[in-house]
Amino acid sequence: MKFYDSQYVKKICEITRASYQHGWDERNGGNISLRLNEEDLKDYSDIIEVKKTFNLGFDASQLAEKYFLITGTGRYFRNVILQPSLDLGLIRISADGKKGELRWGFEDGGKPTSEFPSHLMSHIARLAVDSKQRVVMHCHPTNVIALSFTQDLNERHWSRLLWKMQAESLVVFPEGVGIIPYMTPGTNEIGIATAKKMQDFRVVIWPHHGIFGVGSSLDETFGLIETVEKAALIYSQIGAQGGQIKQEITDEQLRKLGEAFDVQPNSKFLTNY
Ligand code: 2HA
Ligand code: ZN
């Protein structure tokens, strides 16, 4: 079987297109990585040969011999569905964790996203928390970015605000959201800061830039980001309707949501009395 025809390529095509259609990936904005192992790939005969190798620029030995299907640098989410073997690459991390080996894709000379270090570092962080989580997605959701200009960059404040915008929020991200300071994209530094937050959160806000989300499947990760962005959109709409909040979801109602859906709200953001 050809890797091109795999469910993995198909699903990334679908998710990149959906993300673009939501307006979260202008031009080459956004990137996705999906971690795969030998077992997931055993049916594909065209991923054995190493087409190219490159230095990762940091120690990824915790991910040695794992594979990542990832979007390419400079590539447009809008186009991935039209030319997946150009815009996507399957990279294997070398046994010493220092190099990436291209096994499939990037057929016109492409390279992994500039945020590859942030992705790999986030995968390392989430593997330690839950080994089933194998997706990292970054994109530029409009209302989340807008919120980073009007609100204090405080995790408690953001988490409570987003929880109170819709009943869905607390159920989908009971741990709340992490926030890093504004940093230059594409650097190891932003990767390290993001991964540190990923020890406690599945969503990390990059102020004035976008969002990083993680999950066990592409659908789940997309849905997580979609839920955060929907909450931010509701906040924007409240502003558009004059900004006056006449009634809200109370802390007590948040607690009851947690009980009803069997999730534990982050006690730093919602005290459990
Ligand atoms: O892939 O979104 O942060 C382009 C970006 C960089
Ligand atoms: Zn970005």
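All residue numbers in this chain count up from 1 along the given sequence. For ligands, and for the atoms within them, numbers begin at 1 and follow the listed sequence.
- Protein residues lining ligand 1, listed by chain and number: Asn28, Gly29, Gly30, Asn31, Glu115, His138, His140, His209 [non-hydrogen atoms, distance under 4.0 Å].
- A 6.0 Å sphere centred on CG of Asp262 holds no more than 12 heavy atoms belonging to other residues, nucleotides or ligands.
- Distances from the Zn ion (ligand 2) to the N/O/S atoms of His209 are shortest for NE2.
- A tilted orientation is assigned to the rings of His138 and Trp206, their planes being inclined by 30° to 60°.
- Cys139 lies apart from the Zn ion (ligand 2) in this respect, since none of its N, O or S atoms is found at a distance under 2.8 Å.
- One finds a salt bridge joining Glu14 and Lys11 here, because a Lys/Arg side-chain nitrogen approaches an Asp/Glu carboxylate oxygen to under 4.0 Å.
- Classification of Arg103 and Glu49 as a salt-bridged pair fails, no side-chain N sitting under 4.0 Å from a carboxylate O.
- Under a 4.0 Å N-O distance rule, the pair Asp40/Arg134 qualifies as a salt bridge.
- Take the Zn ion (ligand 2) as the corner point: the lines to NE2 of His138 and to NE2 of His140 open at 100°, to the nearest 10 degrees.
- Side-chain contact annotation: Ser217 with Asp219, donor-acceptor N/O pair under 3.5 Å absent.
- For the side-chain contact (heavy atoms from CB on, under 4.5 Å) test, residues two or more places apart in sequence or in another chain that qualify with Val129 are Arg126.
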